[in-house]
Amino acid sequence: RVAKLQRAAAGRRKISDEGIAIALSDPRPAAQLAPELGVHRSLIARIRRGQAHRQVNASINPFAGLMR
């Protein structure tokens, strides 16, 4: 059930996995980065705080679950 829900959520994403990786690694402010990725700056900020796209963050950092 969880896998099915994650696949459905991935289809509704506004940003790709590559965009998420860029948002996490780029040092520029979210307001400058968001127009390039085609999303709102609040989504970039939520990704960086770990509040959005947690499963993608976990695949990038294997210790992401321990940091909560």
Side-chain angles (χ1 to χ4, degrees):
R1 180 173 185 265
V2 172
K4 182 178 177 181
L5 291 173
Q6 286 179 344
R7 282 193 305 272
R12 294 187 305 267
R13 278 191 196 151
K14 305 271 184 198
I15 188 170
S16 66
D17 290 340
E18 295 82 21
I20 294 170
I22 291 169
L24 290 171
S25 63
D26 199 321
R28 291 182 289 165
Q32 290 179 356
L33 189 59
E36 293 178 17
L37 297 176
V39 296
H40 195 265
R41 62 183 171 82
S42 66
L43 179 60
I44 303 294
R46 288 184 12 237
I47 289 171
R48 288 179 176 172
R49 285 193 307 263
Q51 295 175 337
H53 303 292
R54 288 186 194 141
Q55 69 275 8
V56 176
N57 292 346
S59 67
I60 294 170
N61 182 0
F63 301 106
L66 300 173
M67 295 181 199
R68 299 226 38 83

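Note that the numbering runs from 1 along the sequence shown for the chain.
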Residues in side-chain hydrogen bond (donor to acceptor under 3.5 Å, both in side chains) with Gln32, at least two apart? none

Nearest heavy-atom contact between Leu33 and Arg48 is CD2-NH2, 3.5 Å

CD1 on Ile47 to CD1 on Ile22, rounded to 0.5 Å: 11.0 Å

List the atom pairs, with distances to 0.1 Å, where a side-chain N or O of residues 38-45 and a protein N or O form a donor-acceptor pair under 3.5 Å, not counting sequence neighbours.
from  : atom 1 : to    : atom 2 : distance (Å)
His40 : ND1    : Ser42 : N      : 3.1
His40 : ND1    : Ser42 : OG     : 3.0

